[in-house]
Number of protein chains: 2
Amino acid sequence: MSIYVHNGQMNSLQTIEPGLDEACCAPSDLPALGAEEAQQKALVFKALSDPNRLRLLSIVKGAGGGEACVCDLTEPLDLGQPTVSHHLKILVDAGLLHREKRGTWAYYSLVPGALEKTAGILAAL
Amino acid sequence: MSIYVHNGQMNSLQTIEPGLDEACCAPSDLPALGAEEAQQKALVFKALSDPNRLRLLSIVKGAGGGEACVCDLTEPLDLGQPTVSHHLKILVDAGLLHREKRGTWAYYSLVPGALEKTAGILAAL
DNA sequence: ACTTCATATCGACATCCATCAATTTATCGA
DNA sequence: TCGATAAATTGATGGATGTCGATATGAAGT
């Protein structure tokens with residue numbers, strides 16, 4: 001025979017919505033993610049959740065000058081140009097890529113510190 | 001008038017499939033993600049791309065003893081038990097959570113180093 | 001103005017996904 | 001053996017998402 005311990009009948013964990021915290025230095029272990037925060041932080045990971053978008057980031061990061069235009073990205077991914085533009089837009093909206101238009105071309109580059117900041121979200125979960 | 005420079009007509013970036021690399025120490029900037037790698041790495045981020053799953057990780061991490069059972073998780077998320085079980089399964093499959101059954105209860109805890117490892121993927125993109 | 005090229009946007013379609021209600025599985029206590 | 005409880009599984013459904021073809025926008029050169 002064995003003995004199993006459990007606290008009361010059901011749950012007992014707090015879940016606090018930290019409102020607008022003053023944007024500084026998450027001390028690691030606080031209340032637990034509220035619904036709003038979670039939704040916002042999930043957006044970045046949603047952008048990272050597609051294989052082709054990961055490859056886009058990788059290629060852009062390793063490209064000469066740290067930037068690449070759409071025409072440089074369609075072939076290695078074996079995707080149509082509209083699809084690549086679509087993925088790039090998602091990455092830009094997520095704050096991971098920066099878009100700069102020069103002439104007819106649109107050059108995409110990594111937003112400095114964006115990946116590190118995203119990594120920080122995981123550490124501060 | 002302005003002058004725009006571009007290399008040849010179209011793309012020129014290499015994309016190499018590194019086959020089974022011997023599982024060691026990615027030196028930061030290599031070939032660029034191949035299709036297979038990208039697909040595999042996207043799985044973890046797919047698991048992280050849902051707000052409720054982020055909250056699950058957060059709650060489990062902050063729970064007493066570093067573990068929590070399903071019955072402790074349904075209420076704070078305001079989700080049905082089957083849905084929570086579904087999310088937990090996805091997190092386990094992604095290698096982020098560990099499941100241990102004791103008695104009637106199933107206790108979930110963070111896989112040590114899993115979040116850090118995931119953060120490492122971003123740095124090594 | 002007209003053509004050409006790079007990119008963005010639109011509309012459609014097939015697939016995936018989060019969620020729930022209902023059921024099943026499994027374990028404990030009586 | 002028989003409930004009672006916790007959790008997983010199944011089936012269904014509405015909504016999001018990746019992809020493409022076609023079209024629109026916009027800038028450069030002739």
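Proteins come first, then strands; the chains are lettered A, B, ... in the order of their sequence lines, and each starts at number 1. Hydrogens, waters and symmetry mates are skipped; everything else that's a heavy atom, side chains included, is used. Remember, it's a predicted structure, so these values are computed and weren't measured experimentally.
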Does [X] have a side-chain nitrogen or oxygen under 4.0 Å from the phosphate oxygens OP1 or OP2 of [N]?
X        : N      : value
A:Arg53  : D:dG18 : yes
A:Ser85  : C:dA8  : yes
A:Arg102 : D:dA27 : no
B:Arg99  : D:dA8  : yes
A:Tyr108 : C:dA6  : no

Next item on the list: Please say whether the positively charged group of A:Arg99, taken as NZ for Lys or CZ for Arg, lies over the ring of A:Tyr107, i.e. under 6.0 angstrom from the six-membered ring centre and within 45 degrees of the axis.
Entry: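 Here A:Arg99 fails the 6.0 Å and 45° test against A:Tyr107.
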Integer-rounded Å distance: [N] [atom2] and [X] [atom1]:
X        : N      : atom1 : atom2 : value
B:Trp105 : D:dA4  : CH2   : P     : 17 Å
A:Asp72  : C:dC5  : CG    : P     : 17 Å
A:Glu75  : C:dT7  : CD    : C1'   : 18 Å
A:Lys89  : D:dT25 : NZ    : C1'   : 15 Å
A:Tyr107 : C:dA8  : OH    : C1'   : 17 Å
A:Leu91  : C:dT7  : CG    : C1'   : 16 Å
A:Leu88  : D:dG18 : CG    : P     : 13 Å
A:Leu73  : C:dA6  : CG    : P     : 13 Å

Check: Which is it for A:Val111 and A:Leu96 under the side chain to side chain contact (heavy atoms under 4.5 Å, CB included) test, yes or no, and what are the steps along the way?
Finding: CA-CA 5 Å; A:Val111 168; A:Leu96 295 171; 6.0 Å; no
Sub-3.5 Å donor-acceptor pair from the side chain of [X] to the main-chain atoms of [Y], do we have one?
X       : Y       : result
B:Ser49 : B:Lys46 : yes
A:Arg53 : A:Ala47 : yes
B:Arg55 : A:Leu33 : yes

Margin query: Quick check: do A:Leu79 and A:His87 have side-chain heavy atoms less than 4.5 Å from each other?
Written below: yes
Margin query: For a 4.5 angstrom cut-off between non-hydrogen side-chain atoms, does A:Ile59 reach A:Leu77?
Written below: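 Heavy-atom side-chain distance check passes, below 4.5 Å.
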Note to self: Would you compute the distance between atom CH2 of A:Trp105 and atom CD of A:Glu67 and round it to the nearest 0.5 angstrom?
What the structure shows: 12.5 Å
Item checked: Distance in Å, A:Leu125 CG paired with B:Thr118 OG1, rounded so as to fall on 0.5 Å steps ->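 Those atoms lie 10.0 Å apart.
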Notebook entry, point to check: Does a sphere of radius 6.0 Å around CD in B:Glu100 hold more than 12 heavy atoms from other residues, nucleotides or ligands, not counting ones at 6.0 Å or beyond?
Noted result: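 Count over threshold, so yes.
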Taking N or O atoms only and anything under 3.5 Å, show me the protein contacts with nucleotides 13-16 of chain D, one pair per line.
none

Margin query: Any base atoms under 4.0 Å from A:His87, or only sugar-phosphate, or nothing? Heavy atoms, all strands.
Written below: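 Touches sugar-phosphate only.
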Next item on the list: Would you mind telling me which of D:dA7, C:dA26, C:dA18 lies closest to the side-chain atoms of B:Thr104?
Entry: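 Shortest atom-to-atom distance from the side chain points to C:dA26.
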Give me the distances for all protein-to-nucleotides 20-23 of chain C N/O pairs that come in under 3.5 Å?
unit_1 : atom_1 : unit_2  : atom_2 : d
C:dC20 : OP2    : B:Gly80 : N      : 3.1
C:dC20 : OP2    : B:Thr83 : OG1    : 3.0

